[in-house]
Amino acid sequence: MKRIGVLTSGGDNPGLNPCIRAVVRSALHLGLEVMGIRRGYAGLLDGEIIEMNGRSVGGIIGRGGTILGTARCPEFYEPKGRKEALRSLNRFGIDGLVVIGGNGSLTGALELWRMGFPVIGIPGTIDNDVNGTDISIGVDTALNTILDAIDKIKDTASSHNRAFLIETMGRNSGYLALASGIAGGAELVLCPEVEVSFEEICQTIEEAYVLGKSHCIIIVAEGWKPGTQVLAQYLLEREDTLGFSVRVTQLGHVQRGGSPSAFDRLLATQMGAAAPRELLKGNAGHMIGLVKNEIALTPLEEAVAFDKQLSPQMVELAEIMRK
Ligand code: ADP
């Protein structure tokens, strides 16, 4: 193996730049050439590929976003698109690929590996929905952004005696909602993985009021059904009995931006540095993860095979802490 490629794909997160930097510098250290592929699989198909050196990743460790850009690429779902990708990799003399992205991007990486190309994956997603790693790159920074928002909303909620529904991202995973709910001291967390009825939600709000709380913070994962707006409408019609008046804040894309936290910089650097090393060792077809605080490899197939489960201990903790 002489020349590897690196790309960021799918949903962006705040830890991608330190990871690109680590892949490039570790590869150079190992005597490999590195090509940066712009806009994920889309740029791979279009041949948007540039040579990287130590300087091209200078000054980015603390910057959010991704200097390579990211994209969704519908063509890559089809064998024809992936064959084009192989052709492009061949044209640029790339003989190994590092894919940094979420569940979808890693599934794409697996497909490429199944076609015989040496690929290694790195989990980069604020959703934290990838198996084979305790945590993905970007989650910690996103959590800190959410906590900052929760703290501020609590200030205003307490001033006016309000109940707030705060919607967090996470696609079908409730991890961001649950973790930020625990760390932010929320009264209730609504995740797609845990069933809660509207009656129970009303009960929790009323209980918070009777307990003498000055606010009631409910974190709602974007994947929770029937959704934040439906719940808000239901609660608004019952404000008289709830005690609190109700407001909604959808945090949105602010969760994807910002300077990566210390934890994310370290995680991204550890995972990124491991990728070229493991490619050289012949461990293509795997994803780099962090398991019990050690870098660990999981076959890509297992990493994306099933929905990652929420820890039952965390769910219980959120329940215990709310009173
Ligand atoms: P994320 O990586 O953040 O989960 P997506 O699910 O949108 O984001 O996936 C990003 C890209 O990965 C898609 O646009 C597509 O190009 C590729 N991809 C996703 N799923 C598959 C799949 N099952 N087969 C092949 N490529 C896929």
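Whatever order the structure lists them in is the order used to number ligands and atoms, beginning at 1. Here, residue 1 is the first one in the sequence, and each next residue gets the next number.
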With respect to [X], determine whether any N or O atom, backbone or side chain, lies less than 3.5 Å from an N or O atom of ligand 1.
| X | result |
| --- | --- |
| G11 | yes |
| G104 | yes |
| G102 | yes |

Practice item. Kindly check if the number of other-residue, nucleotide or ligand heavy atoms within 6.0 Å of CZ (R238) is above 12? Key: yes
Review point. Taking the six-membered ring for Trp, are F244 and Y209 parallel (under 30°), tilted (30 to 60°) or perpendicular (over 60°)?
Key: perpendicular
Can you sort out which atoms of ligand 1 are near [X], meaning under 4.0 Å from one of its heavy atoms?
| X | result |
| --- | --- |
| C73 | 13 (C), 14 (O), 15 (C), 16 (O) |
| T107 | 22 (C), 23 (N) |
| R82 | 25 (C) |
| G108 | 25 (C), 26 (N), 27 (C) |
| Y41 | 12 (O), 16 (O), 17 (C) |

**Study point:** Matching residue for V23 among V57, L28, L7, I122 - test: side chain to side chain contact (heavy atoms under 4.5 Å, CB included)
**Key:** I122
Exercise for review: Answer whether the closest heavy-atom distance between the side chains of E167 and T249 falls below 4.5 Å.
Suggested key: no
Review point. Between F263 and V139, is any pair of side-chain heavy atoms under 4.5 Å apart?
Key: no
**Study point:** Considering all heavy atoms, the nearest A85-L45 contact
**Key:** N-CD2, 3.4 Å
Exercise for review: Please report the shortest heavy-atom distance between A71 and R39, naming the atom on each side.
Suggested key: CB-O, 3.5 Å
Checking a contact table here: which protein heavy atom is nearest [atom], and how many Å away?
| atom | value |
| --- | --- |
| atom 21 (C) of ligand 1 | Y77 CE2, 3.3 Å |
| atom 25 (C) of ligand 1 | F76 O, 3.4 Å |
| atom 11 (C) of ligand 1 | S9 OG, 3.8 Å |
| atom 7 (O) of ligand 1 | R72 NE, 2.4 Å |

Taking [X] first and then [Y], would you say they form a salt bridge - that is, a charged N and a carboxylate O separated by under 4.0 Å?
| X | Y | answer |
| --- | --- | --- |
| E187 | K213 | yes |
| E111 | R82 | yes |
| E75 | K83 | no |

Point to revise | Nearest neighbour of atom 2 (O) of ligand 1 from the list P79, S105, A42, A85, on a heavy-atom basis | key: S105
Revision key, fill the gap. Honestly, for R171 the part within reach of ligand 1 (heavy atoms, under 4.0 Å) is side chain
Practice item. Decide whether the shortest distance between a heavy atom of E75 and an atom of ligand 1 is less than 4.0 Å. Key: no
Exercise for review: Say whether T125 and ligand 1 are in contact under the criterion: heavy-atom distance to a ligand atom below 4.0 Å.
Suggested key: no
